[in-house]
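So the structure is just underneath, and the comments pick up after that.
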Amino acid sequence: MKKYASAALAAILILSQPGWTLSASSRSRQWKDAMDLYRHGMYEKAYESFSRISASSPDELASGYAVLCAQKMASPGAASLVESYLDVYPESFLAPQILFKQGLNLFDGQDYDSAARMFSQVDGGKLYRNQIAEYTY
């Protein structure tokens, strides 16, 4: 019984340290701020925030949103970010969004063959309802 009490006390002491709580709440705050920036179209700042989150510890969603930000800003290196991300996280929740946006960017750049290849990789059933018409076109 004393063994369990010691372990529980150690866990409480570790979790009650100011750095532990601050780290978890700080990360949560960073996520909220980054998503707010993303939702409001402030992609450059959102990209920086998601990149910082992902750099502190590998994070599939933060990395994915950073890629989406780069795509929405039409950054020159966005295509290589897409490729790298999909190599690491091919089954990501954000993969359909990333592929769809890459297809749109290629289409806007008048690279229709590459856009068609990209769109063929998109699972249309995983797109948002407001994207279906554009995807179908």
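With sequence neighbours excluded, no residue forms a salt bridge (Lys or Arg N to Asp or Glu O under 4.0 Å) with D111. Partners of K45 according to the side-chain hydrogen bond (donor to acceptor under 3.5 Å, both in side chains) rule, which considers only residues two or more places apart in sequence or in another chain, do not exist here. By the side-chain contact (heavy atoms from CB on, under 4.5 Å) test, R129 is found to be paired with no residue, residues two or more places apart in sequence or in another chain being considered. For A66, the side-chain contact (heavy atoms from CB on, under 4.5 Å) test picks out Y47, F50, S51, with sequence neighbours left out. Under the side-chain hydrogen bond (donor to acceptor under 3.5 Å, both in side chains) criterion, E60 pairs with S92, not counting sequence neighbours. By the side-chain contact (heavy atoms from CB on, under 4.5 Å) test, L99 pairs with L86, M118, Q121, V122, sequence neighbours left out. In terms of the side-chain contact (heavy atoms from CB on, under 4.5 Å) criterion, residue partners of D59 (sequence neighbours excluded) are, by chain and number, R27, W31, I53, L61, A62. Taking the side-chain hydrogen bond (donor to acceptor under 3.5 Å, both in side chains) definition, one finds that Y89 meets it with nothing, sequence neighbours left out.
For CE of M35, the number of neighbouring non-hydrogen atoms (other residues, nucleotides, ligands) closer than 6.0 Å is greater than 12.
Sorted pairs that involve residues 83-109 and meet salt bridge (Lys or Arg N to Asp or Glu O under 4.0 Å), not counting sequence neighbours, are lacking altogether.
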Which side-chain N or O atoms in residues 67-76 pair as donor and acceptor under 3.5 Å with protein atoms at least two apart or in another chain?
from, atom 1, to, atom 2, distance (Å)
Q71, NE2, I98, O, 3.0
Q71, NE2, Q102, OE1, 3.1
S75, OG, A70, O, 3.4

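A salt bridge does not link R117 to D113: none of the charged side-chain nitrogens sits closer than 4.0 Å to a carboxylate oxygen.
Residues P96 and D123 approach most closely at CB-O, 4.5 Å, considering heavy atoms. Of all heavy-atom pairs spanning G124 and I132, the tightest one is O-CD1, 3.4 Å.
The shortest side-chain heavy-atom distance between D33 and S49 does not fall under the 4.5 Å cut-off. Within the 4.5 Å cutoff, the side chain of L104 has heavy atoms near those of the E134 side chain. A heavy-atom distance below 4.5 Å is not found between the side chains of K126 and Q97.
Y43 and Y85 fall within a single hydrophobic cluster, where Ile, Leu, Val, Met, Phe, Trp and Tyr are joined by side-chain heavy atoms under 4.5 Å apart, directly or via other members.
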